[in-house]
Amino acid sequence: MRTLISGAKCVFSDGIRETDVLLEGPSILGIDPPRTAAADERIDATGLHLLPGVIDDQVHFREPGLEHKEDLHTGSLACAKGGVTTFLEMPNTRPTTTSRAALEDKLRRAADKCVVNFGFYMGASFDSRSQTLNLDELKTATRTPGIKIFIGSSTGDLLVDDQDALERIFAETMLPICAHCEDETTVRENAARLANSSDVRDHSRIRDNQAALIATRRAIDLSRRHRHPFHVLHVSTKEEAELLRERPAWVTAEACPHHLFFTTDDYERLGTLVQMNPSVKSPADVDALWEALRDGRIEVIATDHAPHTLAEKQVPYPKSPSGVPAVENSLALMLDAASRGLCTLPQIVSWMCEAPARVWSLKNKGRIAEGFDADLVLVDLARRETIRNEEQLTRSGWSPWHGQALTGWPVRTWVMGRTVFAEGRVDPQAQGREVEFDRAPIV
Ligand code: DOR
């Protein structure tokens with residue numbers, strides 16, 4: 001099956017060019033093919049922009065164990081609608097993804113029910129009483145983009161705060177590592193000081209700038225000494241952005257839409273709906289994140305999509321869970337930002353497509369180029385639509401951006417050459433594939 005997409009302005013990380021794109025089967029056969037090229041299907045995309053599909057390298061889809069919030073199918077439907085063609089999912093499910101058996105179970109489930117491409121991290125786990133670290137599992141896993149460490153605890157009970165355990169993970173494993181960086185000691189001290197508070201604004205005082213800075217500095221130090229590839233997840237503070245000026249070449253960093261578009265001022269309007277880990281920060285922190293994205297200190301944007309039901313989120317603080325759903329709207333939020341002059345379309349392609357493919361060595365992903373996978377999204381920059389809870393495909397059924405009008409929306413998504421989203425509908429029968437890696441063999 002050959003599909004010719006004609007008339008679209010194609011967005012590359014180095015510029016925008018109007019050119020036809022020919023797809024054959026799951027791949028991109030040619031850019032600017034001859035006018036005589038045969039095609040079974042011709043799509044006139046005049047007036048629209050074509051981007052590589054978004055690669056979201058940080059999502060929580062809750063299967064197995066907490067499927068009432070989300071499962072791999074509903075999470076992938078939300079991805080397809082949002083222009084996300086590949087997701088990499090985190091290990092804090094029930095059971096946790098801390099063994100090869102649990103990883104393979106997730107891969108089997110995903111192959112059955114995901115409409116977009118998928119990969120799953122291996123979680124590091126450490127039992128402080130028995131001093132047990134799952135090092136063998138971390139050393140021998142291959143079907144994974146990398147290792148996730150919760151250096152500070154968040155949703156679930158994965159935590160590796162012990163220095164010896166961290167040293168061993170960085171010294172003895174081969175896979176790239178990423179981490180949730182909020183210092184556990186600082187968070188616990190702050191929480192003890194504010195123990196009787198039911199004011200959600202204290203969430204940002206408990207999980208404060210220092211907590212983020214201390215843990216990020218600790219992780220970068222480990223990465224530097226062990227020369228181990230490391231990705232800082234969800235940078236949220238100006239202090240971390242400053243620290244990234246002096247990072248080794250093999251350290252990369254990421255920001256999330258909720259830290260780019262919300263501040264502590266939003267607690268008043270949204271309360272626990274903007275409770276997340278790391279917490280929302282000040283307008284000065286938000287400015288620093290944008291600056292770090294623009295000058296390349298932060299190279300990736302990912303969502304940290306963390307679905308909880310609205311009823312769960314509305315439980316009074318501090319019993320309310322942390323996290324917000326976002327895969328469905330992340331690209332639209334960034335296109336809207338571009339429409340307001342905050343960034344350019346090539347920057348969006350760099351942050352949301354090319355850089356995550358590079359950081360995780362994803363084979364044939366992240367670019368509109370010959371021989372690459374036909375994971376693509378067509379966007380209409382003139383389309384203005386309002387995010388509505390009732391229209392969300394995530395099972396959690398809500399968005400912290402409910403009621404917000406955005407300019408610029410995905411209108412069609414291809415995964416491995418097949419249309420999975422068009423005319424407002426996702427094809428629930430579509431099938432994504434397990435990601436492959438372009439890296440030296442691990443074992
Ligand atoms: O707010 C968050 N929620 N941050 C995380 O790191 C985990 C996530 C979740 O899984 O709910």
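Heads up: numbering here begins at 1 and tracks the sequence. All ligand and atom numbering here is 1-based and tracks the order in the structure.
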Visitor: Just wondering, more than 12 heavy atoms not from Arg247 lying within 6.0 Å of its CZ?
Guide: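 Yes, because the 6.0 Å sphere around CZ of Arg247 holds more than 12 heavy atoms from other groups.
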Visitor: Are His203 and Tyr267, when compared by the centres of their aromatic rings, separated by less than 6.0 Å?
Guide: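 No, ring centres 6.0 Å or more apart.
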Visitor: Tell me if the centroids of the rings in Phe230 and Phe170 come within less than 6.0 Å of each other.
Guide: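 Yes, the ring of Phe230 comes within the 6.0 Å limit of the ring of Phe170, centre to centre.
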Visitor: What residues come within 4.0 Å of ligand 1, counting heavy atoms only?
Guide: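 Protein residues near ligand 1 are His60, Arg62, Asn92, Ser154, Thr155, His180, Met276, Asn277, Asp304, Ala306, His308, Ser322, Gly323.
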Visitor: Above 12 or not: heavy atoms from other molecules or residues under 6.0 Å from CZ of Arg294?
Guide: yes
Visitor: Test His68 against every option in Glu312, His308, Arg395 by the side chain to side chain donor-acceptor pair (under 3.5 Å) rule and name the one that passes.
Guide: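 That would be Glu312; it is the only one of Glu312, His308, Arg395 passing the side chain to side chain donor-acceptor pair (under 3.5 Å) with His68.
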Visitor: With a 6.0 Å cut-off on the ring centroids, do His234 and His180 count as close?
Guide: yes
